[in-house]
Amino acid sequence: MDALNLMLGFEDYVFVMDSSGKVVMSSPKAWGLLKGKQHIRDVIPAGYWARLRTLMGSPKGPYPPMDIPLISGPVEIPTEGLLGRTSDGGRDLFVLTCRDISRVRAAEKTLEESEERYHTIFDHSPLGIVHINHDGIITDMNEHFLQIMGTTRERLMGLNVIDHMQDPWMKKAIMQALSGTTGTYEGRYTPFSGNRTSWIKAQFRPMTSRKGTFLGVVGVAEDISERREAEEQIRFLNMHDPLTGLLNRRCFDEELKRLDTPEHLPLCLIMGDVNGLKLANDAFGHPEGDLLLNTIAKILRESGRPGNLIFRWGGDEFILLLPRTGVERAVDRVNRIHHMCQSWKGQGLVRPSISLGFGVKEHPDEDWRDAMLKTAEDQMYKMKMREGRRARLRILAHLEDRLHLAFGGDMGRHVDRLLKLCPLVEEALCLGEEDRKNLKLLCSYHDIGIISSKELMDMPSPMDHDAIALDQDHPITGYRIAKSIPELLTAADLILAHHERWDGTGYPQHLKGTDIPLVVRAFQLLDRFEGLTGDPSCPLDTGEALSMLSMEAGREYDPNLVNALKEHLLKLDQERLQV
């Protein structure tokens, strides 16, 4: 009765059994579970009764604790059971005490799920995560951290970062976290392997328990190389001209502010304006203009020391900013640039040329706008006016040389023969002074447009007139070239029309009859006459050539001009006979 009173206050399930498993006494909680049943096997799964019976048959305890579920209707209650042995009146009794561990199991499950979630996040995080204990020793890290560090788990696990961290700033961030405050790091990091360098952003935080006990440091690292490279690219584009790679006008103000100090005096500014850019763009297209600008940029870079500040100031203007450079050195630099332009052997249809002016600030109290910018700009424009025509003529001579070298030099010989025959046609057609001048220009530059065709320019001798005629773009290109050079301006429309035909079947405008300019019609006769009489493979005499022209008159050539040329040549023959 005393034992029964004692069990009244138990919260656990207590069963007192004999050696057969019959319950002879129970606590109130256990009695409520039995509900009139008398054997322990009625409230536990069958397998557990076999285990209990084995334990009860063994020598005296102590018996180890065991997890044992109790059956309550359709539900099983998880408990932790402890078996003990006693005696009553000479018979052995056994006491089974079962404590409900449902809450413990739920807590363990929650913890297990929490740990699983943590490890899932830890292992699959897009960030690198590392654990460092309070002694600075790495105790764990995820795979992404190993990728960022460029090394293996075996090399990092157990490593003392205080002793082995080579980057002083990374080490400082970790030491801050070990001392109880957050440490951050961002910069170029060379990992332990030393085989590559990456941009790393990392944050190290102290870890503490709920009670505030310091546990160590957790570090979160991210490889930000792509982002930093994109930022560097944006920064570069903000400060540099995308075509030439030179510094841009926005950057000029910052650099000038840095250099406009007494220790950098004398400070020199050289300004340049590219000659021929309009010609390159209009006549040959913007790729050719871009090539010219890049050529000038290359010459400016190579004309001085590496690191000189060179800016693309505008569309065709450049600026050089040179610290500790006086007048004498500025003159040397300008002369060097001009010499490099004149001796350039690189690519491009338009020879590089640039008009330059400079200004020098020698005293701190001078305004850079007056001493440098205005002086350089005024001088540059004066040089542009003085050298502009000379530069254009150099460019024109360069184009003419390229044209004359076409077809192994045949084009040059063809032009020379045309110019020699000019007086014959001029007299036959009674051309005025202006028309005579334009006829000579047309003879010299009628096929200037073919220099933009690499296929035609690379053809070997003898000259292929049919190939030129098939390229119906070259009159248009020649027109654009002539329009861009004042010295050829009056010949532009004539160059455009030099492949038109009297019957309107020519190109590119399909002009007909007298809509074709007189000088063009005269040139066409001259060009055909030269081709017939000057063909080295089978030259015709004058009579044969005139017969051919007569046959083609009214279709390709102006019949009136053909007759005028025939009459003039017959008259010349009669005069020679009379002599």
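Positions are given from 1 along the sequence. What you see is a predicted model; the values in this text were computed from it and never measured.
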Residue pair Asp527 / His414, side-chain donor-acceptor N/O under 3.5 Å:
yes
Assess, by modelled atom type and distance only, whether the side chains of Gln472 and His499 contain a donor and an acceptor separated by less than 3.5 Å.
no
How long is the straight-line distance from [atom2] of [Y] back to [atom1] of [X], given to the nearest 0.5 Å?
| X | Y | atom1 | atom2 | value |
| --- | --- | --- | --- | --- |
| Trp199 | Glu186 | CH2 | CD | 7.0 Å |
| Ile481 | Tyr445 | CD1 | OH | 11.5 Å |
| Tyr479 | Gln509 | OH | CD | 8.5 Å |
| Thr325 | Ile270 | OG1 | CD1 | 7.5 Å |
| Met459 | Ser453 | CE | OG | 7.5 Å |
| Glu427 | Lys571 | CD | NZ | 9.5 Å |

For the side chain of [X] and the backbone of [Y], is there at least one donor-acceptor N/O pair under 3.5 Å apart?
| X | Y | value |
| --- | --- | --- |
| Asp241 | Thr244 | yes |
| His338 | Ile354 | yes |
| Gln524 | Asp558 | no |
| Glu544 | Asp541 | yes |
| His498 | Ile495 | yes |
| Glu366 | His363 | yes |
| Ser303 | Leu300 | yes |

Are any non-hydrogen side-chain atoms of [X] and [Y] less than 4.5 angstrom apart?
| X | Y | result |
| --- | --- | --- |
| Val334 | Met383 | no |
| Phe358 | Val327 | yes |
| Glu487 | Leu441 | no |
| Thr514 | Arg521 | yes |
| Ile148 | Ser198 | no |
| Leu349 | Leu291 | no |
| Leu246 | Arg301 | yes |
| Tyr557 | Asp503 | no |

Could you go through the salt bridge (charged side-chain N to carboxylate O under 4.0 Å, His left out) check for Arg258 and Glu255 one step at a time?
CA-CA 5 Å; Arg258 181 176 66 86; Glu255 293 297 333; 2.6 Å; yes
Could you tell me whether [X] and [Y] make a salt bridge, using a distance below 4.0 angstrom between a side-chain N and a carboxylate O?
| X | Y | answer |
| --- | --- | --- |
| Arg249 | Glu317 | no |
| Asp378 | Lys382 | no |
| Lys420 | Glu530 | no |
| Asp410 | Arg413 | yes |
| Glu433 | Arg436 | no |

Looking only at heavy atoms, which two atoms of [X] and [Y] are closest? And how far apart?
| X | Y | value |
| --- | --- | --- |
| Leu526 | Cys443 | CD2-SG, 3.6 Å |
| Ala553 | Pro559 | CB-CA, 3.9 Å |
| Leu532 | Ala545 | CD1-O, 3.7 Å |
| Gly348 | His398 | O-NE2, 4.0 Å |
| Phe311 | Phe252 | CE2-CA, 3.5 Å |
| Leu511 | Asp515 | CD1-O, 3.9 Å |

Is it the case that atom [atom1] in [X] sees more than 12 heavy atoms from other parts of the structure closer than 6.0 Å?
| X | atom1 | result |
| --- | --- | --- |
| Arg386 | CZ | no |
| Glu328 | CD | no |
| Met239 | CE | yes |
| Lys440 | NZ | yes |

Please name the residue in the list Leu247, Leu259, Ile310 that meets the side-chain contact (heavy atoms from CB on, under 4.5 Å) test with Leu321.
Leu259
List the steps and the verdict of side-chain contact (heavy atoms from CB on, under 4.5 Å) for Ile200 and Asp167.
CA-CA 12 Å; Ile200 300 293; Asp167 190 303; over 6 Å; no
Does the pair Leu243 and Arg312 meet the rule for a side-chain contact (heavy atoms from CB on, under 4.5 Å), with working shown?
CA-CA 10 Å; Leu243 175 64; Arg312 187 176 176 194; 3.7 Å; yes
Pairs involving residues 270-292, ordered by first then second residue, that meet side-chain hydrogen bond (donor to acceptor under 3.5 Å, both in side chains) (sequence neighbours left out):
Asp273-Lys384, Asn275-Ser353, Asn275-Ser355, Asn275-Lys384, Lys278-Asp282
Please state whether the rings of His446 and Phe523 are parallel, tilted or perpendicular, taking 30° and 60° as the class boundaries.
tilted
Give the C-alpha distance, both sets of side-chain angles, the deciding distance and a yes or no for side-chain contact (heavy atoms from CB on, under 4.5 Å) between Leu356 and Met271.
CA-CA 6 Å; Leu356 298 165; Met271 178 175 277; over 6 Å; no
Sequence neighbours excluded, every pair satisfying salt bridge (charged side-chain N to carboxylate O under 4.0 Å, His left out) that has a member inside residues 336-356
none
Please test Leu569 against Leu546 for side-chain contact (heavy atoms from CB on, under 4.5 Å), starting from the C-alpha separation and ending with a verdict.
CA-CA 9 Å; Leu569 290 174; Leu546 289 174; 3.5 Å; yes
